[in-house]
Number of protein chains: 2
Amino acid sequence: MTVRLDTVDRKILSELQKDASRSLDDIAKTIGASKTPVWNRIKKLREAGVIKRTTVELDAEALGFEACFFVLIRTSEHEADWQDRFLTALQNRPEVLEAHRLAGEIDYILKVIVPNARAYDKFYQALISEVRVFNVTALLSMEELKSGGGLSLDP
Amino acid sequence: MTVRLDTVDRKILSELQKDASRSLDDIAKTIGASKTPVWNRIKKLREAGVIKRTTVELDAEALGFEACFFVLIRTSEHEADWQDRFLTALQNRPEVLEAHRLAGEIDYILKVIVPNARAYDKFYQALISEVRVFNVTALLSMEELKSGGGLSLDP
DNA sequence: GGTGAAATTTCCACTTT
DNA sequence: AAAGTGGAAATTTCACC
């Protein structure tokens, strides 16, 4: 499952992370190689799953998604069945952009983006009616200070 | 600053979010249009900033970034000067992928990805030596249950 | 890893509704 | 105004060095 990556691979990934719309030639030039090896490496990196997908980063506010919440969840249920249902609920809800199981007091954190506070409440009500949770705390984002930071692959 | 988007724009954005590497023709076909209008719309959406950039989503673990933390920060300082220094510190630290200013008890949340716990501690020490913070809680992710969820633009 | 060329795609001028 | 057509230019993809 582990992939060995050399400096060239890292440079390629770093460039793609910054801007995946540039041409192969262009990328090859900036990293000091020629297009075919770059193309072959990108192909391998895709196949190996190092590059999971190519996407566009959208401006949520411009699209009417004005509210971003981080939701901290504690539960008393830890059986496999409960976990499965919880996972399915998260996967099925498009307002959940990201979800992690945590170590420590808090069991889960979700990142939820919705048009407004009312939509969040709707989401919240739907979620707690689907799966039993012990405690939910919602942190409302007032301002996105940094976003879309990529992994730092420079060295 | 608000952009008016019709159904076709939303379909295009939805497709690009799912996979931005597909060809124009391909995308045009799936949404039932022809390539030129799609091209013109994408161009406009880019210029308007609705599409912020095209990127690749990488597998952090495959690249040796094994630890993901959500960092909750409380501070007693709220002057503009402090905020500026804090913001600069965040921007300069590549391990911070995302940062939000929050409403309520907790003032900030950061998403931090590092190779391991030791690297997190290094980051933490560096941060608190740069800016004064009142309280820091780190939530360690054990498992990413969902990631890369896009905005839901279907309707 | 590089070269070059076929196949595909992007991009734009022009036509149509 | 907004969508389609066609084609030149650029880019991707691949066989071969």
Side-chain angles (χ1 to χ4, degrees), chain A residues 1-59 61-65 148 150-155, chain B residues 1-59 62-64 148 150-155:
Chain A
M1 197 59 219
T2 298
V3 194
R4 298 207 323 107
L5 301 168
D6 65 9
T7 313
V8 180
D9 289 322
R10 282 169 200 282
K11 279 184 187 164
I12 292 170
L13 292 173
S14 183
E15 291 303 319
L16 287 177
Q17 214 176 25
K18 275 190 282 198
D19 183 358
S21 72
R22 293 170 63 204
S23 82
L24 262 180
D25 252 336
D26 218 4
I27 292 167
K29 248 160 234 152
T30 56
I31 69 170
S34 117
K35 64 195 163 124
T36 307
V38 174
W39 187 78
N40 284 321
R41 280 161 183 270
I42 292 175
K43 195 159 178 263
K44 280 216 174 56
L45 290 165
R46 269 185 210 288
E47 282 162 4
V50 177
I51 296 173
K52 294 201 270 188
R53 64 167 175 160
T54 306
T55 12
V56 290
E57 208 180 285
L58 303 178
D59 182 331
E61 296 197 2
L63 292 159
F65 293 87
L151 303 171
S152 104
L153 303 160
D154 303 323
Chain B
M1 196 62 218
T2 300
V3 194
R4 297 206 324 108
L5 300 168
D6 64 11
T7 314
V8 180
D9 289 320
R10 281 169 202 282
K11 280 185 187 163
I12 292 171
L13 292 173
S14 183
E15 292 304 317
L16 288 177
Q17 213 175 25
K18 274 189 282 198
D19 183 359
S21 71
R22 294 170 62 205
S23 82
L24 222 49
D25 252 336
D26 218 7
I27 293 167
K29 249 160 232 153
T30 57
I31 69 170
S34 119
K35 64 194 159 119
T36 308
V38 174
W39 187 79
N40 283 319
R41 281 160 183 270
I42 292 175
K43 194 159 178 262
K44 280 217 172 59
L45 290 165
R46 270 187 212 288
E47 284 163 4
V50 177
I51 297 173
K52 293 201 269 188
R53 64 169 177 159
T54 305
T55 8
V56 291
E57 209 179 285
L58 303 178
D59 183 330
L63 292 159
L151 302 172
S152 104
L153 303 159
D154 304 322

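Proteins get letters first, then strands, A, B, ... in listed order; numbering begins at 1 in each. Quick caveat: nothing in here was measured; it's all calculated off a predicted structure.
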Exercise. Which residues in residues 30-43 of chain B have at least one heavy atom lying under 4.0 Å from any atom of DNA chain D?
Worked result: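 Ser34(B), Lys35(B), Thr36(B), Pro37(B), Arg41(B), in order of number.
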Problem set entry | Span of DNA chain D in contact with chain A (heavy atoms, under 4.0 Å) |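 Contact span on the strand: dT11(D) to dC14(D).
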Exercise. Going through the distances and angles, do Lys11(B) and Thr7(B) end up as a side chain to side chain contact (heavy atoms under 4.5 Å, CB included)?
Worked result: CA-CA 6 Å; Lys11(B) 280 185 187 163; Thr7(B) 314; 4.2 Å; yes
For this session: Give the intermediate values and the outcome of salt bridge (charged side-chain N to carboxylate O under 4.0 Å, His left out) for residues Glu47(B) and Lys44(B).
Result: CA-CA 5 Å; Glu47(B) 284 163 4; Lys44(B) 280 217 172 59; over 6 Å; no
Exercise. Which residues pass the salt bridge (charged side-chain N to carboxylate O under 4.0 Å, His left out) test with Arg46(B), sequence neighbours left out?
Worked result: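 Result, salt bridge (charged side-chain N to carboxylate O under 4.0 Å, His left out) vs Arg46(B): none returned.
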Are any of the side-chain heavy atoms of [X] and [Y] separated by less than 4.5 Å?
X        : Y        : value
Ile27(B) : Trp39(B) : no
Leu45(A) : Leu5(A)  : yes
Thr55(A) : Leu16(B) : no

Problem set entry | Carboxylate-amine/guanidinium contact Arg41(B) Asp9(B), below 4.0 Å |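 Looking at Asp9(B) together with Arg41(B), the answer is yes, because their closest N to O distance falls below 4.0 Å.
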Problem set entry | Value in whole Å for how far the P atom of dG4(C) lies from CG of Leu24(A) |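 Leu24(A) atom CG is separated from dG4(C) atom P by 17 Å.
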Exercise. Do the side chain of Arg53(B) and the main chain of Gly148(A) share a donor and acceptor less than 3.5 angstrom apart?
Worked result: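 Confirmed, Arg53(B) side chain pairs with Gly148(A) backbone.
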